[in-house]
Amino acid sequence: MKPCIFIILLLSLSLISCQKNKPGTDTPASAALYFPPLTGDTWESTTPASLQWNQAAINTLYDYLDQKNTKAFIVLKDGKIVLEKYYDTFTATSNWYWASAGKTVTAMLVGIAQSENKLSLNDKTSRYLGTGWTNAPTAKEDLITIRHQLSMTTGLDDGVTDNYCTSPECLLYKADAGTRWSYHNAPYTLLDKVIENATGQTFNQYFQQKIRDRIGMNGLWVKDGYNNVYWSTPRSMARYGLLLLAKGKWDQTTILSDAGYLEAQINSSQNLNPSYGYLTWLNGKSNYMLPGVQVKFPGMLFPNAPADMYAALGKNDQKIYVVPSKNIVAIRMGDSAGNVQLAVSSFDNELWGHLKQVIGY
């Protein structure tokens with residue numbers, strides 16, 4: 001009887017394997033990903049029909065994106081392009097700003113710098129910016145670490161007149177570091193200086209050397225007042241999303257060697273707002289907070305999206321969405337979809353309502 005049982009077990013496992021790899025079914029995140037060449041315009045594609053996606057819903061999605069002031073939209077499945085659409089005069093070679101969607105890039109650079117022993121997340125920020133980088137009492141300033149900057153928990157007052165101002169007179173004590181979550185741009189922006197002083201390179205140089213040139217992106221960080229804003233083509237934004245999906249690796253090249261850091265980046269960084277990692281928004285949590293308000297809202301950030309999705313979200317609806325369970329990356333560039341808000345907007349859930357109809361999950 002035992003040989004028969006063994007044969008039946010093998011046949012059962014084989015059947016399960018075939019079912020998992022049928023066209024249109026979810027692909028495990030561990031499946032092989034395609035990576036486009038570092039140079040040139042070549043990028044392999046997959047048809048929606050081969051994935052059994054809903055073509056009628058795609059047309060509705062494109063109309064919706066057009067109505068919402070979209071300039072570029074790309075969806076990757078297993079690293080290959082399934083959907084790519086441009087509007088008005090915008091093209092694949094046009095450049096656009098990422099706004100706060102660039103925050104996830106800064107977070108990854110911090111992880112790279114830590115893996116190179118240039119800094120530690122537990123270091124006091126003042127080690128790299130000097131004492132007096134805020135207007136807080138020294139004892140309170142000393143509580144702030146790089147980890148607090150990454151998790152938006154510095155305790156500095158986000159209710160000042162200019163939330164972007166990085167000068168000490170704008171950085172006022174509100175609460176002890178780690179005890180209050182608030183979406184505060186200034187402490188985040190100062191991570192650029194932390195990285196520069198830790199590595200001895202300019203922020204652009206370090207980014208180009210460690211990420212951009214190694215995954216075939218174009219683009220540049222551009223100073224805009226207090227802000228440092230990234231500009232690139234839509235496909236470069238998609239490349240970065242693919243790097244996130246691939247857990248910090250680009251084909252055979254390791255970009256971020258500390259896998260544990262990336263896992264921390266895309267998981268709850270603190271208990272105050274579980275829907276926020278290291279400068280990265282997380283879906284599927286029990287509650288969430290939004291920029292500018294000290295209120296916890298129950299439920300998932302984006303109910304229409306897969307629970308395991310995480311995202312880089314920027315002002316005026318610049319978006320990078322990553323869904324590991326489906327090996328999907330989606331990006332959107334454009335003007336505001338209607339609600340001028342920082343990072344999160346109603347557009348996110350509406351868009352995923354359309355994508356849900358297209359993908360069929």
Side-chain angles (χ1 to χ4, degrees), residues 100 102-134 136-156 166 168 171 173-212 214 221 228 230 240 243-244 247-250 253-274 276-282 310 312:
S100 286
K103 283 182 167 69
T104 56
V105 179
T106 302
M108 184 176 286
L109 279 177
V110 170
I112 292 171
Q114 180 173 254
S115 70
E116 295 178 337
N117 296 315
K118 304 289 187 183
L119 54 77
S120 168
L121 266 61
N122 295 322
D123 287 341
K124 295 178 183 179
T125 301
S126 57
R127 176 175 177 177
Y128 304 95
L129 300 184
T131 301
W133 68 275
T134 73
T138 301
K140 300 301 184 181
E141 181 180 280
D142 281 347
L143 298 176
I144 303 172
T145 66
I146 294 173
R147 191 186 305 275
H148 293 128
Q149 290 176 275
L150 288 168
S151 58
M152 293 287 184
T153 57
T154 62
L156 297 172
T166 56
L171 302 175
Y173 172 81
K174 179 77 173 182
D176 284 2
T179 66
R180 181 178 184 270
W181 187 90
S182 64
Y183 193 77
H184 194 176
N185 275 285
Y188 146 73
T189 303
L190 285 168
L191 280 170
D192 298 358
K193 286 296 182 184
V194 169
I195 290 172
E196 289 182 344
N197 291 335
T199 65
Q201 295 178 266
T202 69
F203 190 72
N204 260 312
Q205 287 172 339
Y206 195 66
F207 164 69
Q208 290 166 15
Q209 181 187 111
K210 300 300 179 179
I211 297 179
R212 191 195 73 171
R214 302 183 76 195
W221 293 89
N228 200 14
Y230 195 65
Y240 182 70
L243 176 65
L244 287 171
K247 299 187 176 182
K249 291 188 176 182
W250 188 264
T253 302
T254 298
I255 306 300
L256 176 60
S257 60
D258 185 353
Y261 177 88
L262 185 59
E263 283 302 308
Q265 180 178 340
I266 59 175
N267 280 283
S268 303
S269 58
Q270 29 65 49
N271 295 324
L272 301 165
N273 182 7
Y276 204 74
Y278 291 158
L279 302 175
T280 306
W281 291 92
L282 315 174
Y310 57 91

Nearest heavy-atom pair of P187 and L156: which atoms, and what distance?
CG-CD1, 4.0 Å
Just by distance, do the side chain of Q205 and the backbone of Q208 share a donor-acceptor pair under 3.5 Å?
no
Restricting to side chain to side chain contact (heavy atoms under 4.5 Å, CB included), what partner residues turn up for K249, sequence neighbours left out?
T254
CD (Q114) and CD1 (I195) are apart, to the nearest 0.5 Å, by 11.5 Å
Among residues two or more places apart or on two chains, list those pairs meeting side chain to side chain donor-acceptor pair (under 3.5 Å) that have a residue in residues 142-152.
N122-R147, T125-Q149, T145-H148, R147-Y278, S151-T153
Can you check whether Y276's main-chain N or O pairs, donor with acceptor, with Q270's side chain at less than 3.5 Å?
yes
Report yes if the side chains of T280 and L244 come closer than 4.5 Å at any heavy-atom pair, otherwise no.
no
For G132, does its backbone N or O pair with a side-chain atom of E141 as donor and acceptor, under 3.5 Å?
yes
Checking T199 side chain against Q201 main chain: does a donor-acceptor pair fall under 3.5 Å?
yes
Distance, nearest 0.5 Å, that separates OH of Y206 from CD of E116
3.5 Å
One should read off an interatomic distance between L262 CG and I255 CD1, to the nearest 0.5 angstrom, of 12.0 Å
Nearest heavy-atom approach of Y173 to A136 is CB-CB, 3.8 Å
Any residue meeting ring-ring contact (aromatic ring centres under 6.0 Å, His included) with F203, in chain and number order, not counting sequence neighbours
W221
Of the non-hydrogen atoms in A186 and L171, which two are nearest, and what is the gap between them?
CB-CD2, 3.8 Å
Distance in Å, Q265 CD paired with L150 CG, rounded so as to fall on 0.5 Å steps:
8.0 Å
Are L191 and L279 side-chain neighbours, meaning at least one heavy-atom pair lies under 4.5 Å?
yes
Atom of L272, atom of T179 and distance for their closest heavy-atom approach:
CD1-C, 3.6 Å
Residues I211, I112; criterion side chain to side chain contact (heavy atoms under 4.5 Å, CB included); working and verdict
CA-CA 9 Å; I211 297 179; I112 292 171; 3.8 Å; yes
Is there a side-chain contact between Y128 and L190 (heavy atoms, below 4.5 Å)?
no
A quick test of your reading: do over 12 heavy atoms of other residues, nucleotides or ligands sit less than 6.0 Å from CZ of R180?
yes
Side chain to side chain contact (heavy atoms under 4.5 Å, CB included) assessment of K174 paired with H184
CA-CA 12 Å; K174 179 77 173 182; H184 194 176; over 6 Å; no
For the side chain to side chain donor-acceptor pair (under 3.5 Å) test, which of T106, D192, T166 pairs with N228?
D192
Could you tell me whether the side chain of D258 and the main chain of S115 form a donor-acceptor pair under 3.5 Å?
no
Within the structure provided, determine whether M108 and T104 are in side-chain contact (heavy-atom separation under 4.5 Å).
no
Please determine, by modelled atom types, if Y183 and S100 share a side-chain donor-acceptor pair under 3.5 angstrom.
yes
